[in-house]
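The next block holds one structure in the form of structure tokens; read it before the comments.
It should be emphasised that the depicted structure is a prediction, and the values quoted were computed from it without experimental measurement.
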Amino acid sequence: MENYDYDLESIQEARTLARKGKKAQTELAHFTANQIDTIIRKMVETAQENAVLLAKMAVEETGFGKVEDKIFKNHHASTELYQFIKDMKTVGVIKDDPERKIIEIAEPMGLLMGIIPSTNPTSTVIYKAIISIKARNGIVISPHPSALKATMKAAQLMNDAAVSAGAPDNIVTCISKPSMQATNELMRSEEVALIIATGGAAMVKAAYSVGKPALGVGPGNVPSYIEKTADIKQAVADIIASKTFDNGTICASEQAVIVEEELESQVVSEFQRQGGYFMTEEETAKVSQKLFVKGHAMNARLVGRSPKVIAEAAGISIPDGTKVLLGRQNGVGEGYPLSYEKLTTVLGFYTVKDWEEACETSIALLNNGGVGHSFAIHTQDRELLMKFAEKPVFRILVNTGSTQGGVGASTAISPAFTLGCGTWGGSATSDNVTPEHLINIKRMACGIKPINNPYAENQYSTVQTTQRTNAQSADMESLIKELVSFFKESGE
């Protein structure tokens, strides 16, 4: 048997999966809402049953994060997500407005492509598979090579669960021979209708550049401002719980803490009491040198790692039980490495004179790689809070950890692992992506007013058209009622 080059095999696999996925999706497009709900409930059940297995696989394969937090991610991506989307209308008639005589009908987009990050290799698969099928789409997964086994296992479990509940086989598939060539082939495949990209900035940019619809995310360089009216003990607890969740691998996690001068000693003492270690200037420099490679790109070996691992890599000593490392920064941008995104257990720390300077520092940090994403504030001052509503982000998270708040675990925001940054952050959406972002909406509209064009040269022709429109109105209303009935029956 002839041996083929790996890149050629990966390209062929991508083409094959696209064809199989499109065939399966074409069949799924005719399923009713009840059939779809049966399928996703089975997927949710399977994800919950395998949450521990998948979490262990992800940590063992990548070394990123914590098993217990990845278990919660898998739960959030399935059970919590289902509770949010179960009553969402994505099949048949989703809106009927008799007064305006307009009917909206949901149609699937087709076969989707999901790009999966190594930091969340199983929860993101579960989440994207469920929201895709809820909207009657199929999905083919492009995994990160360093998380291949965990990603493939999650995709296999989701496909098997869907098939066991009546879905066509290959409705969820995953590349087993990942390569840039295979990813590019999928992105440009005529079978793929939309790309959902979660990952590094280069990959997301590539998804937007292939000439077809894409939903991508931007980086999150999240500032967290502890204002003088805040409950300091609770604010520090929220920030530590958020930043240490899965060792900081979620892009919504805090990257810098901002406090006013009059609060500094209290905040520092509270961080120290709860497990924060404030590095010296020399220690901060050592950690920064190890934390980044090629400018501001994170060292993959320190992504999602504990403070102990980071400290050992940097050659510094820290107290036992340290939960998060903090380094003081006096500016933003070049020369201030902790002012950039750090998907690990390290925070920049800023002291400012007042809320105006806090505002300026927050904007500088957001413009340093986090515009459009998220901002956190701890305050009891509603009037001041509204001033911070002007920040260039689409998630302003109040009195909660930004990780849990951003993904909808501690807030009423949509549960999601793809968080759009809007046009400010280079995204096509500013929302947490849900099944409603994955449907096409067909509108059936009946004429409700006579045509009266004062600019028409031949008014007689216009009147004739008006009479014809009015004469047809009754017949059209009858036809639309029949169509509504048809779509509602097919969507039950």
Problem set entry | Student check: side-chain heavy atoms of P307 and K323 closer than 4.5 Å | no
Exercise. In terms of the angle between their ring planes, are Y340 and H296 parallel, tilted or perpendicular, with boundaries placed at 30° and 60°?
Worked result: parallel
For this session: Could you tell me whether the side chain of K128 and the main chain of I196 form a donor-acceptor pair under 3.5 Å?
Result: yes
Problem set entry | Ionic contact status for K177 with E13, cut-off 4.0 Å | no
For this session: Look at atom NZ of K66 and say whether more than 12 heavy atoms of other residues, nucleotides or ligands are closer to it than 6.0 Å.
Result: yes
For this session: Kindly say whether F388 contributes a backbone atom to a donor-acceptor pair with the side chain of Y225 at under 3.5 angstrom?
Result: no
Problem set entry | Polar side-chain atom of K212 near backbone of L194 as donor-acceptor pair, under 3.5 Å | no
For this session: For T344 and M298, work out which heavy atoms get closest and say how close.
Result: CG2-CE, 3.9 Å
Exercise. Can a salt bridge be assigned to the pair D97 and K101 using a cut-off of 4.0 Å between side-chain N and carboxylate O?
Worked result: no
For this session: Determine whether the side chains of N159 and D169 contain a donor N or O and an acceptor N or O closer than 3.5 Å.
Result: yes
For this session: Using modelled atom types only, decide if a donor and an acceptor are shared between the side chain of K134 and the backbone of M88 within a distance under 3.5 Å.
Result: yes
Exercise. Can you check whether N74's main-chain N or O pairs, donor with acceptor, with S123's side chain at less than 3.5 Å?
Worked result: no
Problem set entry | Donor-acceptor contact below 3.5 Å, side chain K42 vs main chain A162 | no
Exercise. Do the non-hydrogen side-chain atoms of T46 and D160 ever get within less than 4.5 Å of each other?
Worked result: no
Exercise. Counting N and O atoms only, with roles assigned by atom type, does the side chain of T38 sit under 3.5 Å from a partner on the main chain of N34, one being a donor and the other an acceptor?
Worked result: yes
For this session: Return yes when atom NZ of K153 has more than 12 non-hydrogen atoms of other residues, nucleotides or ligands closer than 6.0 Å, and no otherwise.
Result: no
Exercise. Salt bridge or not for D246 and K70, using N-O below 4.0 Å?
Worked result: yes
For this session: Using atom types as modelled and distance alone, determine if a side-chain donor or acceptor of T151 lies under 3.5 Å from a backbone N or O of L148.
Result: no
Exercise. What heavy-atom pair brings P168 and F31 nearest, and what distance separates the two atoms?
Worked result: CD-CZ, 4.0 Å
For this session: Could you tell me which non-hydrogen atom of M109 sits nearest to which non-hydrogen atom of A193, and how far apart they are?
Result: O-CB, 3.4 Å
For this session: Mind jotting down which residue pairs meet the side-chain hydrogen bond (donor to acceptor under 3.5 Å, both in side chains) criterion with at least one end in residues 49-60? Sequence neighbours excluded, please.
Result: none
Exercise. Taking all atoms of both residues into account, what is the closest heavy-atom pair of A428 and A214, and its distance?
Worked result: CB-O, 3.5 Å
Problem set entry | Contact check, side chains of Q25 and K22, non-hydrogen atoms, under 4.5 Å | yes
For this session: May I ask you to decide if the ring planes of H76 and F72 are parallel, tilted or perpendicular, using 30° and 60° as cut-offs?
Result: parallel
Problem set entry | Residue pair L326 / Y277, side-chain heavy-atom distance below 4.5 Å | no
Problem set entry | Exam field: side chain E61 to backbone A150, donor-acceptor pair closer than 3.5 Å | yes
For this session: Evaluate the salt bridge (Lys or Arg N to Asp or Glu O under 4.0 Å) criterion for residues D37 and R41: first the C-alpha distance (whole Å), next the side-chain angles of each, then the deciding distance (0.1 Å), finally the verdict.
Result: CA-CA 6 Å; D37 188 61; R41 278 192 284 110; 2.9 Å; yes
Exercise. Side chains of T16 and Q12: do they bring a donor and an acceptor to under 3.5 Å?
Worked result: yes
Exercise. Going by heavy atoms in the side chains, are T345 and N247 under 4.5 Å from each other?
Worked result: yes
For this session: Could you tell me whether a side-chain N or O of E254 sits under 3.5 Å from a main-chain N or O of S402, the two making a donor and an acceptor?
Result: yes
For this session: Give a yes or no on this: more than 12 heavy atoms of other residues, nucleotides or ligands lie within 6.0 Å of atom CZ of R301.
Result: no
Exercise. When you check the side-chain N and O atoms of S146 and T62, is any donor under 3.5 Å from an acceptor?
Worked result: no
Problem set entry | Salt-bridge criterion met for K442 and E104 (N-O under 4.0 Å) | no
